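Not measured: the values here are computed from a predicted model.
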Amino acid sequence: MNQTPLRRRITTITYRALYWARHHVAPGVRSLLGLLLMVGGVFGFLPVLGFWMFPLGVAFVAMDLPLSQHRIERWMQRLALEAEIAAKATPPPGPPLAPPAPEAGSQPTSSQ
């Protein structure tokens, strides 16, 4: 799957937010947080808030609704797979991890 860097970043951030909400926030608080995100998403035209908040808020609330828990679980699995693929496809910044090959004609030194 060929993803743009922005899409990879959005996928990773979305998965992390949903994972955090599922494992670290109590169900009632999660619904309240989802409602606050949706309200903030409505005012997405303001400088600090964004329209991205509305769908994330809907997902937070949907985690607590029995009829939608299965869909959110499948979506999180898909996001995790896409984020994992994106992490494997992008090499880490910095020098390569393998040591450089010895130069031609050089003899290995012995410590004895």
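Contact between Gly34 and Phe60 at its shortest, heavy atoms only, is CA-CB, 3.7 Å. Taking both residues in full, the closest heavy atoms of Val61 and Met38 are given as CG2-CE, 3.7 Å, listed atom of the first, atom of the second, then distance. Across every non-hydrogen atom of Ala62 and Ser68, the tightest pair is O-OG, 2.6 Å. Summarising the geometry of Asp64 relative to Arg30, their closest heavy-atom pair is OD1-NH2, 2.6 Å, with the distance given to 0.1 Å.
In the hydrophobic cluster analysis, where Ile, Leu, Val, Met, Phe, Trp and Tyr join through side-chain heavy atoms closer than 4.5 angstrom, Leu81 is grouped apart from Trp75. Linking Ile, Leu, Val, Met, Phe, Trp and Tyr whenever their side-chain heavy atoms come within less than 4.5 Å puts Leu33 and Phe51 in one cluster. In this structure, Ile72 is not a member of the same hydrophobic cluster as Ile10, with clusters built from ILVMFWY side-chain heavy atoms closer than 4.5 Å. In terms of hydrophobic clustering, with Ile, Leu, Val, Met, Phe, Trp and Tyr side chains grouped at heavy-atom distances under 4.5 Å, Leu32 and Phe43 are assigned to different clusters. Placement of Leu36 and Trp52 in two distinct hydrophobic clusters is found when ILVMFWY residues are connected by side-chain heavy-atom separations under 4.5 Å, directly or transitively.
Going from atom CZ of Arg8 over to atom CD of Glu82 covers 11.5 Å, rounded to the nearest 0.5 Å. One finds the CG atom of Leu49 at 10.0 Å from the CG atom of Leu37 (value rounded to the nearest 0.5 Å). Note that CZ of Arg22 is 7.5 Å distant from CD of Gln69, once rounded to the nearest 0.5 Å.
Aromatic ring pairs are classed by plane angle as parallel below 30°, tilted from 30° to 60° and perpendicular above 60°; the pair His24 and Tyr19 is perpendicular.
Checked by atom type and distance alone, the side chain of Thr4 pairs as donor or acceptor with a backbone atom of Arg7 at under 3.5 Å.
In this structure the side chain of Thr11 never reaches within 4.5 angstrom of the side chain of Tyr15, judged on heavy atoms.
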